[in-house]
Every structure is written in C-alpha cells, then in structure tokens.
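Before any comments, here is the structure.
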Amino acid sequence: RRIMRPDDANVAGNVHGGTILKMIEEAGAIISTRHCNSQAGEACVAALARVERTDFLSPVCIGEVANVSAEITYTSRHSVEVQVNVMSENILTGAKKVTNKATLWYVPLSLKNVNKVLEVPPIQYARKEQEDEGKKRYEEQKLDRLETKQRNGDVIFPVINPEPHTVGYSQSSLIHLVGPSDCTLLGFVHGGVTMKLMDEVAGIVAARHCKTNIVTASVDAINFHEKIKKGSVITISGRMTFTSNKSMEIEVFVDADPFVDESRERYRAVSAFFTYVSLSKEGKPLPVPQLLTETEDEKRRFEEGKGRYLQTKAKRQAQMQQAARQ
Amino acid sequence: RRIMRPDDANVAGNVHGGTILKMIEEAGAIISTRHCNSQAGEACVAALARVERTDFLSPVCIGEVANVSAEITYTSRHSVEVQVNVMSENILTGAKKVTNKATLWYVPLSLKNVNKVLEVPPIQYARKEQEDEGKKRYEEQKLDRLETKQRNGDVIFPVINPEPHTVGYSQSSLIHLVGPSDCTLLGFVHGGVTMKLMDEVAGIVAARHCKTNIVTASVDAINFHEKIKKGSVITISGRMTFTSNKSMEIEVFVDADPFVDESRERYRAVSAFFTYVSLSKEGKPLPVPQLLTETEDEKRRFEEGKGRYLQTKAKRQAQMQQAARQ
Amino acid sequence: RRIMRPDDANVAGNVHGGTILKMIEEAGAIISTRHCNSQAGEACVAALARVERTDFLSPVCIGEVANVSAEITYTSRHSVEVQVNVMSENILTGAKKVTNKATLWYVPLSLKNVNKVLEVPPIQYARKEQEDEGKKRYEEQKLDRLETKQRNGDVIFPVINPEPHTVGYSQSSLIHLVGPSDCTLLGFVHGGVTMKLMDEVAGIVAARHCKTNIVTASVDAINFHEKIKKGSVITISGRMTFTSNKSMEIEVFVDADPFVDESRERYRAVSAFFTYVSLSKEGKPLPVPQLLTETEDEKRRFEEGKGRYLQTKAKRQAQMQQAARQ
C-alpha cells in the first residue's frame with residue numbers, strides 16, 4: 001500500500017505503468033520467496049521468470065493509494081505462479097477501482113549457489129480443477145518461453161534525420177548502470193526494476209510518435225531468460241511496431257553488458273511488447289497518427305503487430321460476451 | 001509492506017530508524033485521510049500534528065520485509081489518533097518480530113483552504129473505557145504540545161576545533177531544499193519526510209561521537225507546530241545532550257526558511273530527542289564514551305537528559321513487573 | 001537518455017544542474033570502464049579524476065528527455081578523456097537544444113587492488129592532429145590538477161547574525177552519510193554523486209542570496225584528488241565569492257570524514273566554483289544584489305572571482321567573433 005507521488009507520474013499526473021509493474025513484482029517476489037522458504041531446507045530467493053500479459057484497466061493518479069494483494073495460485077516442481085491484484089483508491093472520495101491483475105512466475109534460486117534451482121513446496125488446492133487449470137497454464141507458458149528465446153535476436157539501428165511517424169523517428173534507447181539498490185540479495189537485478197525501465201523507454205517512443213500525453217494500456221507476456229548482474233550496464237531500446245486507430249504497439253529489448261568482472265559478451269536479457277494509448281487533457285482517448293513503415297522488415301512487423309492486436313480484440317470480445325451471458 | 005533495500009540502511013546493514021518512521025507516517029496519513037473523508041462534506045488531507053514516544057524494539061536488516069498495519073484508536077472533534085504497528089519479517093527463515101508501535105495524531109485540513117481545520121467523523125468504540133482512555137491520552141498530548149511550543153527557542157552555535165566527546169565535537173546540521181516529491185497534495189512537507197531527515201542528522205551526531213555502528217533506540221514525542229511549505233530551505237541541526245553507559249540522547253531542531261515568495265522569517269518548525277545505541281559488528285551493545293559538558297547550559301541539558309533517561313527506565317521496569325504479574 | 005522528473009527540478013520546474021552533471025558522469029564512467037576492459041587483462045573500474053569547465057547553455061524542464069552521448073577523445077598511458085554531449089528534447093513539440101558539452105578525465109583502478117592504476121588501451125585517431133591536440137589538453141589539465149591540490153586548504157567559518165547580502169548571510173553546508181547506493185563496485189563514491197550534492201549546496205547559497213529562482217550557468221573545472229569511501233560522512237560547504245550584474249560565483253568544498261573503521265583524519269576531497277544566474281518567473285535573467293564583502297579575505301576572493309569572470313567573458317567573446325568570421 002503506498003501513496004503515489006509526483007515522481008511516479010507523467011506530465012499529466014497519471015502514474016506510469018512501470019511504477020505499477022514494479023510494485024506488482026515486489027509483491028510477487030515477497031510472497032513466492034516466503035513460500036519457497038516455508039519448509040526446512042536450503043534458503044532461496046525467488047527470481048522472476050515470466051509475467052503474463054497484463055492490461056491496465058484504469059489509470060492511477062498522483063495522491064491515490066495503490067493497494068496490492070498477492071496470492072499463490074499454482075506450484076510446479078520448480079516454479080510458483082502468483083496472482084497479483086492492484087486496486088487504486090482515492091482516499092478523498094473513497095472511490096476504488098481495479099487497476100490491473102497480473103500473473104507472474106517465479107523460480108527459487110539457492111542463496112548459496114545462484115545457478116541451482118530448488119524444489120518448490122506444493123500448495124493445497126480447494127478443488128481438483130484448480131490444479132488442472134494451473135497445470136495447463138504452466139504448460140502453455142513453458143512453451144511460449146521456449147519460443148520467445150529463439151526469436152530474441154533483433155537489433156535497433158539508429159536512423160539519421162528520420163521523417164515524422166516513421167519507425168526511426170520515435171525509436172529510443174537508454175542505458176542504466178545497475179547499482180546495489182536495483183538488486184536482490186543474490187546481486188541480480190529485480191525483475192520489477194527492469195520492467196520499470198522498459199516502460200520508461202516505451203513511453204518515450206509513444207510520446208515522440210504522437211506528441212500528446214500517453215498511458216500504458218497493456219504489456220505483453222515478458223520472459224526473463226537471463227539474469228542481469230550488479231555492475232552491468234543495460235541498454236533498453238524501443239521501437240514502434242504497429243498502430244491501430246487508437247493504440248500504439250512498442251517492442252522493447254533489454255541488452256546486458258556485464259563489462260566488468262566477466263569475459264561474457266553482451267546478451268539479450270529480456271524483450272516485450274507494450275501497448276500505449278494517447279489521451280486528451282480530459283483523459284479521453286485520441287486518434288493516433290498511423291505508423292509509416294518503410295523497409296520490408298518494418299512492414300512484416302506491422303502485420304505481426306496487427307495480428308496480435310486483432311487476436312487480443314477478439315479475445316476481449318469473447319470474454320465480454322461470456323460475461324454478458326452469465 | 002515493502003522490502004528493505006541497501007538505500008535504506010547504514011553500513012552495517014541495519015535499516016535506518018528514519019526509514020521506518022517515514023513508512024509509519026505514510027500509513028497513518030493514509031488511514032486518517034481516508035477516515036476524515038468518509039462522510040459527505042469538504043474534502044481534506046490529514047496533516048501530522050504529533051508522534052508519541054516510539055521505541056525501536058529490534059533492528060530491521062536489508063532484505064527483510066516490513067509489514068505496517070494501522071488502526072484509528074480515538075477521534076476528538078478536530079483530531080485523529082492512529083496506532084501503527086511495524087513487524088519485520090525475514091522471508092527466508094519466516095521469523096517475525098515486532099519492530100515498533102507508534103501512536104500518531106492527525107488533523108484534517110481543508111483542500112480548499114489549508115488554514116481551515118475540518119471536523120472529524122466520530123468512530124465507534126467497542127467498550128466505553130476505550131473512549132475514556134483515548135480522551136485521557138488526547139488531553140495529555142494537548143498539554144504537552146502547548147508546553148513544547150514555549151521551550152522551542154534554542155539555537156545551535158558552531159564550535160571551532162572542538163575536543164573529542166564534547167558537545168561541539170559531534171554536533172551536525174544539514175540543509176534540504178523542499179521539493180515537490182517531499183510534499184502532500186496541499187504543498188506542505190510530509191511529516192515522515194521531516195522525521196527521516198531528523199533521524200539522519202541524529203545518526204551522524206551519534207556516529208561522530210562514538211565512531212562505531214549506531215542504531216536508533218527510541219524517539220521522544222515529536223510535535224509538528226508549524227507547516228513547512230514547498231520551496232522552503234530547511235535546516236536540521238542535532239547536538240548530543242546526554243549519555244548513559246550504553247545510550248546517547250540527541251536533540252534535533254528543524255528550522256524552516258520560506259525564502260522564495262514570502263516575507264516570512266525563518267522559524268522553528270519541529271524539535272525532538274532521539275536515543276541511539278552503539279553496536280559491535282556482532283550486533284551487541286557497546287559502552288558509549290561519556291559526553292564532556294563544558295558550559296552551564298550543556299550541564300543543565302545533561303541533567304535534564306538524565307531525568308528523562310531515569311524516568312523512561314523506571315516506566316519500563318514498572319511495565320515489565322506488571323507484565324510479569326499478569 | 002532519461003525523462004526529467006519533478007524530483008530533479010527546482011520550484012520553477014528547471015532541472016538542477018547537479019542532475020545533469022550526475023548523468024554526464026554516469027555516461028563517462030560507463031564508456032571509459034568499457035574501454036579499459038576491452039583488452040584481456042586485469043578487470044578495472046574507471047574513476048573520475050577531473051571534469052573540465054562546463055557551461056549550461058540552456059535550462060532543461062520537467063517532462064523533457066535528456067539525450068546523453070559520449071565519445072573517447074584521447075587516451076594517455078593511465079587516463080582516458082571522454083567528451084559527453086547533452087541535448088534536451090521536448091518530446092511533445094520535438095524541439096531539441098544543446099544543454100551542455102562536458103569533458104571528463106578517468107583513471108582505471110584495478111578491481112582487485114584499488115590503489116593500483118592500470119594501463120589504458122590506446123585509441124586510434126583519424127588524424128595525427130587529433131592526437132597532438134589531445135596530448136596538449138592532457139598536459140594542461142595535469143598542470144592544473146597539481147596547482148589546485150596546493151591551494152585547497154581553506155575552511156568556511158560560521159557567522160552569527162549576518163547582514164543580508166554578506167558572505168556569511170548565504171553560506172551553507174550540508175552533511176551526507178555515504179551509503180552503498182552512492183558508490184561504485186569498488187566501494188567509493190561516484191564522482192557524479194559528489195557533483196550533485198555540490199550543486200545542491202551552491203544552489204541554496206545562490207537562492208539565499210537573491211531570494212529568487214536560480215539556475216546553474218556553469219561549473220569550473222573540478223579535480224577529484226582523493227577517493228571517498230563508503231561509510232564516510234561528507235560535509236559540503238558553499239560560500240559566495242563574487243557577483244557581477246547578473247551572475248553569482250559560489251565556491252564549494254567537499255570534506256570527507258572516514259570516521260568509522262579508519263584512523264584517518266578528515267580531509268579535503270574536492271573543491272570547485274559554480275556560477276548561477278537569477279531568473280524571473282518568465283525565465284528572463286534578473287539583476288543580482290551585489291555581494292557585500294567585509295574581511296580582507298573576502299575582498300581578495302571577490303577580486304579573484306572578478307578575474308575569472310572577466311577571463312571567461314573575454315574567451316567567450318573571442319569564440320563568438322571567430323564563429324562569426326567562419
């Protein structure tokens with residue numbers, strides 16, 4: 001539970017999606033670390049492996065209180081699924097609303113040997129179906145993680161004097177030196193810190209494209225394939241891949257360069273798609289300028305983005321119809 | 001609920017008392033603002049008026065989770081009493097311990113007119129005695145606030161080339177420019193921000209005196225007589241007033257200088273006594289070098305500090321005997 | 001590259017020069033550490049040795065994006081010269097402007113033995129003149145560092161009840177306990193952290209003098225003679241030395257007290273001159289009240305400051321004439 005401060009917000013007073021993602025991850029890390037240490041045995045820290053697709057249902061504003069609650073919903077032999085809910089509350093009016101619901105996967109790493117994954121104590125399910133559904137979600141995410149690992153190879157090249165609304169026009173990157181307060185007890189970056197930086201870059205890309213106030217609408221599933229060590233330099237790069245009438249999709253890459261201490265090369269640590277919407281001063285959605293694609297790759301990525309957009313839209317309509325029927 | 005980070009801690013890995021005080025105040029501000037807005041009427045923000053004496057029962061370490069819970073325990077016409085409990089939890093071992101219990105008083109200020117104090121909706125008491133005891137606490141703190149307001153006039157003078165263990169040797173002060181993220185919606189400094197800075201100065205005074213690792217053991221009642229506006233420069237000064245065998249008492253003053261925009265003079269905003277203990281590397285209490293008093297004023301303050309020390313000691317022994325009898 | 005937040009700014013919404021200096025130093029530390037580790041051999045961290053005089057050409061505002069780019073421009077056997085450029089960009093309008101250009105010198109320290117300076121891999125120059133000019137800059141800064149080391153002995157004495165616009169009236173100092181998140185992997189304070197604190201004190205001195213909104217106009221060359229260790233208390237003191245019609249020069253000292261763990265005495269770690277201007281609410285330069293000098297030392301420092309002011313002015317006029325001729 002925490003009051004949102006001016007620090008956490010963009011120019012229009014809406015709290016960055018990244019701040020919310022960081023809070024969610026912190027809650028998930030606490031509950032899963034606590035669970036994995038609940039039985040006698042080797043001490044461990046839960047490391048974030050994956051965040052499922054997350055929708056931001058309504059923006060949070062400065063001065064509101066964010067209430068975060070977390071629950072373990074499934075355990076496999078080596079991983080924990082956590083469901084985190086965020087409610088924002090205007091303590092002046094008492095109004096509460098659901099901000100988002102997120103599902104995260106954690107893996108317990110030994111405190112003594114960071115490369116050793118420990119076993120997770122099983123949870124009790126109220127009904128057998130809960131376990132079966134959890135197992136299905138577990139299998140699905142495992143498959144998706146494998147697939148993402150393979151298509152993770154792209155690089156963002158800088159463009160000189162780009163035309164407005166092209167991909168090169170809004171693409172952005174930032175670098176960050178990983179300090180001690182970014183890290184867990186094991187000396188690796190908190191997943192939440194990475195997500196906050198990713199949202200920051202995605203927000204800059206979106207604002208550059210449409211020159212208005214923008215807010216995070218959703219984040220695609222994010223897989224954390226590789227740990228990032230204290231003292232590394234991380235480069236977070238973002239480029240726009242797709243625009244619909246009222247939304248923008250931005251692909252974000254995180255590359256880590258463990259440049260001190262290690263002979264290791266720079267590597268791709270994380271990648272994800274963020275969706276942003278443009279808002280008027282009154283908080284109403286605004287039309288978004290269409291992304292101008294130039295190269296074959298850009299056109300292909302635009303079509304893939306369109307595919308994801310239509311799929312999400314169809315899924316949401318199906319859910320709404322189902323909800324209406326109930 | 002939040003994980004303690006390296007940022008929050010001293011060199012030995014203990015979390016600063018000031019970080020805990022800031023969390024406590026945030027929890028108190030949330031619950032009392034929510035309560036004061038729970039009935040139809042003018043919107044308001046709860047401003048901290050007073051914190052009762054607080055003991056730090058056991059230190060919190062980096063990587064532990066601090067759990068904060070708050071409850072409204074009494075309401076007068078224009079003020080709210082909040083009880084806040086902090087538990088620290090080692091999520092690796094599951095061990096929990098009470099860190100401290102604090103009592104805070106808030107006053108609701110109108111969002112439209114910051115000088116207008118609004119009425120507080122009354123709470124329901126489970127038993128009549130609860131209301132009577134609350135009323136007694138209310139009257140006591142009211143009296144104490146009046147008294148402190150009058151003795152608030154002292155100034156700390158600098159000393160050139162002081163001898164070790166004199167008052168001048170360890171006295172310290174820091175300045176801070178009040179920025180937007182230090183402030184409430186009304187544009188005044190959060191009480192918790194002020195307390196964190198006070199603890200920072202007191203800690204530096206204590207460390208300069210005994211050259212070891214030190215931790216906050218308790219904080220005297222703190223009265224917030226005057227608001228501090230955004231854009232002010234605040235000077236926080238601390239001097240040692242008393243040492244026992246194993247503890248140091250430090251008096252801290254906060255002076256505000258609303259130097260931009262205003263014709264107002266510099267004024268004393270807050271003052272309080274902090275008690276620190278010195279710890280070995282293994283966390284055991286160490287003997288403290290005795291404070292060398294030189295002037296009449298220093299000797300008088302030492303005797304007054306001794307009085308407070310003996311009074312607290314007697315009170316604690318009485319409580320322990322009572323607890324043993326129950 | 002990063003979005004400027006309310007935290008980073010003064011009351012009028014201009015980003016503090018200290019925040020920019022900290023970003024510049026981070027970029028410099030990253031590129032020079034990466035370069036010095038680019039060949040097989042002992043791992044090292046680049047430590048800041050010196051920042052050349054830096055002009056702040058235009059203020060940055062909240063919500064703007066600061067773009068930082070860095071390039072290695074010269075290497076000697078044991079040091080690296082880095083040129084860092086900062087552009088601020090209003091992402092809503094697309095307007096870009098140069099904020100400043102800085103030149104920094106780094107020295108590679110061994111990760112295993114912090115007192116061992118390693119060798120720097122040489123860079124390739126496009127033209128022979130580049131190397132010659134770099135060598136000239138290298139010799140010049142080496143000389144200046146030696147000279148500063150000797151004149152670094154002054155102390156700021158406190159003044160009781162000073163008159164407005166005297167030196168004693170605005171002089172200020174703050175203390176800071178060096179925590180883990182202020183430090184590099186080697187456990188010494190980042191140069192950028194020190195510069196940010198120096199700018200904070202200088203800004204308070206300037207604001208106390210003229211009671212208006214003020215911004216950093218330039219920073220004199222800063223030499224980092226001595227490392228500051230984690231756990232030290234640093235005292236940063238500032239006093240006004242000179243005023244022209246529209247600018248104020250403030251001298252800032254950093255003293256380190258490695259009081260835990262070490263028998264070492266307090267020592268002067270850094271000193272520098274900051275120049276500030278006073279701005280109206282519309283961002284126009286305002287006249288500055290003249291500094292009243294009282295003692296012989298103050299009068300001498302005023303004349304020295306005037307000398308620096310006239311020299312800088314002459315240099316700038318010469319540059320402008322040269323630029324006009326081209």
Side-chain angles (χ1 to χ4, degrees), chain A residues 1-9 13 22-23 25-46 61-70 89-96 108 110-112 118 179-187 190 192-193 230, chain B residues 1-9 13 22-23 25-46 61-70 89-96 108 110-112 118 179-187 190 192-193 230:
Chain A
R1 185 197 299 166
R2 115 174 165 73
I3 295 189
M4 291 299 151
R5 308 234 157 146
D7 269 20
D8 302 319
K22 192 163 176 258
M23 289 177 66
E25 202 275 320
E26 188 160 303
I30 290 175
I31 195 173
S32 51
T33 300
R34 184 192 284 151
H35 176 75
C36 294
N37 287 288
S38 62
Q39 291 189 353
E42 221 171 315
C44 65
V45 170
C61 297
I62 299 180
E64 291 189 345
V65 174
N67 292 285
V68 179
S69 59
E89 176 191 357
N90 182 324
I91 48 174
L92 303 186
T93 64
K96 286 181 191 184
S110 162
L111 251 189
K112 282 182 205 149
L118 299 183
S181 56
D182 298 326
C183 292
T184 66
L185 286 178
L186 290 167
H190 281 287
V193 169
K230 182 164 72 187
Chain B
R1 185 196 297 165
R2 118 176 165 71
I3 294 189
M4 291 299 153
R5 308 237 155 143
D7 268 20
D8 301 320
K22 192 163 176 260
M23 290 177 65
E25 202 275 319
E26 187 158 305
I30 290 173
I31 195 174
S32 50
T33 300
R34 185 193 282 151
H35 176 75
C36 294
N37 287 287
S38 62
Q39 292 190 350
E42 221 171 317
C44 65
V45 170
C61 297
I62 299 182
E64 291 190 344
V65 175
N67 292 286
V68 179
S69 61
E89 177 189 357
N90 181 325
I91 49 175
L92 303 186
T93 64
K96 285 182 192 183
S110 162
L111 252 189
K112 281 182 207 149
L118 300 183
S181 56
D182 298 324
C183 292
T184 65
L185 285 178
L186 290 168
H190 281 288
V193 169
K230 184 164 70 186

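Letters A, B, ... mirror the listed sequences (proteins, then strands); counts begin at 1. Computed from a prediction, not measured in an experiment: that's the story for all the values here.
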B:Cys36 portion near chain A, given a 4.5 angstrom heavy-atom threshold: neither
Interatomic distance, B:Arg34 atom CZ to A:Asn90 atom CG [nearest 0.5 angstrom]: 11.0 Å
Under 4.5 Å from a heavy atom of chain B, the part of A:Cys183 involved: neither
Step-by-step side chain to side chain contact (heavy atoms under 4.5 Å, CB included) determination, B:Ile91 to A:Ile30: CA-CA 7 Å; B:Ile91 49 175; A:Ile30 290 175; 4.2 Å; yes
Distance (rounded to the nearest 0.5 Å) between A:Leu92 CG and B:Ser38 OG: 12.0 Å
